[in-house]
**Q** 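Please find one structure pasted underneath; my questions will follow.
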Amino acid sequence: MAEPTKKGLEGIVVAESKTSLVNGQDGKLVYQGYSIETLAENALFEEVAFLLWEGRLPNKAELENLRAAIATEAALPAEMLAQLKSYPKNADPMAMLRTAVSALAMYDADSEDQSVEANRRKAIRLTGQITTICAAWDRIRKGHEPLAPRKDLNLAQNFVYMLTGHEGKEPDATAVEAINVYLVLLAEHGMNASTFASRVTVATGSDMHSGVVSGIGTLKGPSHGGANAEAMHMFLEIGEPENVAEWFRKNIKEGDRRIMGIGHRIYKALDPRAAILEDKAKALAESSGNSKWFQIAKQLADTARADAYFIERKLYPNVDYYSAIVLYTIDLDVDMFTPLFAMARVVGWTAHIIEQFANNRLIRPDLNYVGPMGLPWVPVDQR
Ligand code: ACO
């Protein structure tokens, strides 16, 4: 007798984890005991990385060691830079990142060493290198020379420096602050699709780079990390706050489109990250003197939240909704939004990979076969 099919694996618990708690009914998120609100207000991204990898907050010296290690490891092998320059300039940045991280494994002396120590070293290295790849790619495709990471900066500062900087110019403090909060909020999120993909990959005994490549490929989709860019395209398509009502009627009520950045498999209340990012987006919009995109997003969210369809299905803005406004306001190119998500989530993926290795068993679900049976073999020239 066939088991009922659990489409999308909804409600299936596949692991025990100390990394994070996602409480979808109450809209709460906790990393290793600390609420996301506390972390967003206080933590440097490197503190969150230490927390997720080590299970506790670092002291001052440990934090400085990790910051310096990530900044040092962020330098790319010369071969990697040459490779980046050889990629087609119009490549999708997530396709570029997936390819580049896969290639990095071949220049990593720890690549095939699956010990805890080697995996911790690789987690630090990948976190730094992915930041550099993202920034370097944006410069290369625009015809500029990439900048090397600076050893004196933290990750958010280094990203902004490598993306927009030049010698003598310090990274913009507003952008750094926004990127740091974004990275903290996006670092980890339970058994999301890309983390699951990473865990499935390494549960076969494969290596950390392969797990992270699986994570990047899975994050790329518009139902997951790709939604931040899709949300921004949607806001740009709406164009003006006064177009929101008409756009909603035509595309959502009478059409079959989804509002990108709304809805979540787990959250049936407001995603707590969306609440923090809404405030951030509002403040940035006001201080930048351009509130139009925030107003469009806010009006569309309010329209949806007042609509019976969205109320019945408990559909609220998720993390990708207002993060689109935050990232657009600090002038990040829209197709770099999802790579930035990967820059944050690499910490969660690697924490989960280390956790998976510590108590591993092959992850291998089953399916119900619904195809034909007992067909006679017909030789090829008689078909
Ligand atoms: N707009 C309109 N309707 C929606 C939306 C939306 N954004 N999201 C879900 N629904 C509806 C579905 O049509 C469905 O209705 P039905 O029951 O009448 O068929 C119901 O809500 C449930 O939707 P499912 O797709 O079954 O929910 P699931 O848990 O599988 O999907 C998902 C969750 C993919 C996030 C979905 O809400 C969606 O497509 N959202 C837009 C994309 C998005 O923002 N993704 C980012 C998620 S957060 C992250 O990954 C970082």
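Note that the coordinates shown come from a computational prediction; the quantities given were computed from them, not determined experimentally.
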**Q** Taking 4.0 angstrom as the limit, do K122 and E73 come out as a salt bridge?
**A**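 Between E73 and K122 there is no salt bridge, as every charged N stays at least 4.0 Å from the carboxylate O atoms.
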**Q** So F310 and F248, would you call those rings parallel, tilted or perpendicular, with 30° and 60° as cut-offs?
**A**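 Answer is tilted, since the angle falls between 30° and 60°.
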**Q** Take N192 and R345, measure what side chain to side chain donor-acceptor pair (under 3.5 Å) needs, and give me the verdict at the end.
**A** CA-CA 11 Å; N192 61 87; R345 189 54 58 82; 3.3 Å; yes
**Q** W247: which residues meet the ring-ring contact (aromatic ring centres under 6.0 Å, His included) condition with it, sequence neighbours left out?
**A**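 W247 satisfies ring-ring contact (aromatic ring centres under 6.0 Å, His included) with no residue once adjacent residues are dropped.
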**Q** Is L163 reachable from V334 through a run of I, L, V, M, F, W or Y residues, each pair having side-chain heavy atoms under 4.5 Å apart?
**A**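 Shared cluster, yes.
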**Q** Would a hydrophobic clustering, with Ile, Leu, Val, Met, Phe, Trp and Tyr connected at side-chain separations under 4.5 Å, put M336 with I140?
**A**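 Looking at the clustering, I140 is in the same group as M336.
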**Q** Between N251 (side chain only) and R257 (backbone N and O only), is there a donor and an acceptor less than 3.5 Å apart?
**A**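 Such a contact is absent between N251 side chain and R257 backbone.
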**Q** Do NZ/NE/NH1/NH2 and the carboxylate oxygens of R249 and E246 come within less than 4.0 Å?
**A**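 Looking at R249 and E246, the cut-off is met.
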**Q** Indicate yes or no for a side-chain donor-acceptor contact from E46 to the backbone of L155 under 3.5 Å, with no hydrogens or angles considered.
**A**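 Such a contact is found between E46 side chain and L155 backbone.
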**Q** Fit a plane to each ring of Y322 and F294, take the angle between them on a 0 to 90° scale, and name the class: parallel (under 30°), tilted (30 to 60°) or perpendicular (over 60°).
**A**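 Rings of Y322 and F294: tilted, as their planes differ by 30° to 60°.
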**Q** Test: ring-ring contact (aromatic ring centres under 6.0 Å, His included). Region: residues 348-383. Which pairs qualify, not counting sequence neighbours?
**A**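 Qualifying pairs: none.
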**Q** Under 4.5 Å between side-chain heavy atoms, hopping through other hydrophobics if needed: is there a path connecting L44 to L185?
**A**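 L44 and L185: separate clusters.
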**Q** Do D138 side-chain atoms and P146 backbone N/O form a donor-acceptor pair below 3.5 Å?
**A**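 No; judged by distance alone, with no hydrogens or angles, the pair does not exist.
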**Q** Do any N or O atoms from the side chain of N243 and from the backbone of I238 form a donor-acceptor pair under 3.5 angstrom?
**A**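 It does hold such a pair.
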**Q** For I354, is there any backbone N or O sitting under 3.5 Å from a side-chain donor or acceptor partner on N119?
**A**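 Not confirmed, N119 side chain does not pair with I354 backbone.
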**Q** Going by the salt bridge (charged side-chain N to carboxylate O under 4.0 Å, His left out) test, which pairs reach into residues 278-290, not counting sequence neighbours?
**A**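 Qualifying pairs, neighbours excluded: E177-K280, E278-K298, K282-E286.
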**Q** Please walk me through it: do Y182 and V326 pass side-chain contact (heavy atoms from CB on, under 4.5 Å)?
**A** CA-CA 9 Å; Y182 177 85; V326 169; 5.6 Å; no
**Q** Under the ring-ring contact (aromatic ring centres under 6.0 Å, His included) rule, collect the residues that match up with Y267, sequence neighbours excluded.
**A**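 For Y267 the ring-ring contact (aromatic ring centres under 6.0 Å, His included) partners, ignoring immediate neighbours, are H189, H264.
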**Q** Does anything in residues 203-225 form a salt bridge (charged side-chain N to carboxylate O under 4.0 Å, His left out)? List the pairs, not counting sequence neighbours.
**A**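 For residues 203-225, and leaving out neighbouring residues, there are no salt bridge (charged side-chain N to carboxylate O under 4.0 Å, His left out) pairs at all.
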**Q** Can you tell me how far apart CE (M208) and CZ (R120) are? Round to the nearest 0.5 Å.
**A**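 So the gap between those two atoms works out to 10.0 Å.
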**Q** Check the side chains of S198 and T201 for a donor-acceptor pair under 3.5 angstrom, ignoring hydrogens and angles.
**A**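 Their side chains do not contain a donor-acceptor pair, so the 3.5 Å distance test is not met.
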**Q** Verify the neighbour count for atom NZ of K314: are there more than 12 heavy atoms of other residues, nucleotides or ligands below 6.0 Å?
**A**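 Not more than 12 within 6.0 Å, no.
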**Q** For Y321, what residues pass the ring-ring contact (aromatic ring centres under 6.0 Å, His included) criterion, not counting sequence neighbours?
**A**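 Listed in chain order: F235.
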**Q** Under the 3.5 angstrom rule, does the side chain of E62 hit a backbone N or O of N59 as a donor-acceptor pair?
**A**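 Judged by distance alone, yes, a pair lies under 3.5 Å.
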**Q** Could you walk me through whether L29 and L21 pass side-chain contact (heavy atoms from CB on, under 4.5 Å), step by step?
**A** CA-CA 6 Å; L29 172 60; L21 168 77; over 6 Å; no
**Q** Show every salt bridge (charged side-chain N to carboxylate O under 4.0 Å, His left out) that has at least one partner inside residues 5-27, sequence neighbours left out.
**A**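 Sorted pair list comes back empty.
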**Q** If I take atom CD1 from residue I353 and atom OG from residue S210, how far apart are they, to the nearest 0.5 angstrom?
**A**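 It comes to 9.0 Å.
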**Q** Would you say the side chain of R364 lies within less than 4.5 Å of the side chain of D366, judging by non-hydrogen atoms?
**A**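 D366 vs R364: side chains touch.
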**Q** Please list, chain by chain and in numerical order, all residues satisfying ring-ring contact (aromatic ring centres under 6.0 Å, His included) with F45, sequence neighbours excluded.
**A**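 If we apply the ring-ring contact (aromatic ring centres under 6.0 Å, His included) test to F45, skipping adjacent residues, there are no hits.
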**Q** Go through the steps to decide whether D113 and S115 satisfy the test side chain to side chain donor-acceptor pair (under 3.5 Å), and finish with yes or no.
**A** CA-CA 6 Å; D113 182 347; S115 64; 2.9 Å; yes
**Q** When clusters are formed by joining ILVMFWY residues with side-chain heavy atoms under 4.5 Å apart, either directly or through shared neighbours, do L57 and L183 land in the same one?
**A**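 Yes.
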**Q** Under a 4.0 Å N-O cut-off, is there an ion pair linking R258 with E230?
**A**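 The answer is no: the pair does not qualify as a salt bridge.
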**Q** Looking only at side-chain N and O atoms, does N228 offer a donor or acceptor that is under 3.5 Å from a partner on S323?
**A**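 Judged by distance alone, the side chains do not pair up.
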**Q** Check step by step if side-chain contact (heavy atoms from CB on, under 4.5 Å) holds for H233 and M260.
**A** CA-CA 9 Å; H233 287 307; M260 301 312 286; over 6 Å; no
**Q** Go through K28 and I36 one step at a time and tell me if the side-chain contact (heavy atoms from CB on, under 4.5 Å) criterion holds.
**A** CA-CA 8 Å; K28 300 249 179 283; I36 200 65; over 6 Å; no
**Q** Any donor and acceptor pair, going by atom type alone, linking the side chain of N368 with main-chain N or O of E3 inside 3.5 Å?
**A**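 Confirmed, N368 side chain pairs with E3 backbone.
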**Q** Do S194 and T218 pass the side chain to side chain donor-acceptor pair (under 3.5 Å) test, and can you show the C-alpha distance, the side-chain angles, and the key distance before you say yes or no?
**A** CA-CA 5 Å; S194 57; T218 309; over 6 Å; no
**Q** Is there a donor-acceptor contact under 3.5 Å from the side chain of E188 to the main chain of G190?
**A**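 Yes, E188 side chain to G190 backbone: donor-acceptor pair under 3.5 Å.
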**Q** Do the side chains of L340 and L147 join up, straight or via other hydrophobic residues, at under 4.5 Å, putting them in one cluster?
**A**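 No; tracing contacts between hydrophobic side chains, which count when under 4.5 Å, never links both residues.
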**Q** Side chain to side chain donor-acceptor pair (under 3.5 Å), that's the test. Do N154 and R67 meet it? Break it down for me.
**A** CA-CA 6 Å; N154 65 43; R67 186 211 58 74; over 6 Å; no
**Q** Give every donor-acceptor pair under 3.5 Å between a side-chain atom in residues 93-108 and any protein atom, sequence neighbours left out.
**A**
| residue | atom | partner | partner atom | Å |
| --- | --- | --- | --- | --- |
| T99 | OG1 | A95 | O | 2.8 |
| D108 | OD1 | D110 | N | 2.8 |
| D108 | OD1 | R125 | NH1 | 2.6 |
| D108 | OD2 | R125 | NH1 | 2.9 |

**Q** More than 12 heavy atoms of other residues, nucleotides or ligands under 6.0 Å from CD of E54: yes or no?
**A**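 Yes - once you tally the heavy atoms of other residues, nucleotides and ligands closer than 6.0 Å, there are more than 12.
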**Q** Which hydrophobic side chains are connected to Y316, either touching it within the sub-4.5 Å cutoff or through other members that do?
**A**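 Other cluster members: L270.
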**Q** Answer whether the closest heavy-atom distance between the side chains of F159 and V176 falls below 4.5 Å.
**A**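 No; the side chains remain at least 4.5 Å from each other.
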**Q** What pairs of donor and acceptor atoms, side-chain ones from residues 79-88 against any protein atom, are under 3.5 angstrom apart with sequence neighbours left out?
**A**
| residue | atom | partner | partner atom | Å |
| --- | --- | --- | --- | --- |
| Q83 | OE1 | Y87 | OH | 2.6 |
| K85 | NZ | E145 | OE1 | 3.3 |
| K85 | NZ | E145 | OE2 | 3.2 |
| S86 | OG | Q83 | O | 2.6 |

**Q** Please check: side-chain N/O of N180 versus main-chain N/O of A156, any donor-acceptor pairing under 3.5 Å?
**A**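 Flag not set: sc N180 to bb A156 has no pair under 3.5 Å.
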**Q** Just wondering, do K292 and E240 contact through their side chains at under 4.5 Å, heavy atoms?
**A**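 Of all side-chain heavy-atom pairs linking K292 with E240, at least one is under 4.5 Å.
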**Q** Tell me who clusters with I12, hydrophobic residues only, linked when side chains sit under 4.5 Å apart either directly or through other members.
**A**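 Taking Ile, Leu, Val, Met, Phe, Trp and Tyr as members, I12 shares its hydrophobic cluster with L9, V14, M191, F196, V200, I363.
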**Q** With rounding to the nearest 0.5 Å, note down the distance linking CZ in R141 to CG in D333.
**A**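 Interatomic distance, R141 CZ to D333 CG, rounded to 0.5 Å: 5.0 Å.
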**Q** Between T204 and S206, is there a side-chain donor-acceptor contact under 3.5 Å, judged purely by atom types and distance?
**A**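 Per modelled atom types, S206 and T204 side chains form no pair under 3.5 Å.
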**Q** Please confirm whether the backbone N or O of T329 pairs with a side-chain atom of S288, one donor and one acceptor, at under 3.5 Å?
**A**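 Checking the backbone N and O of T329 against the side chain of S288, no donor-acceptor pair under 3.5 Å is found.
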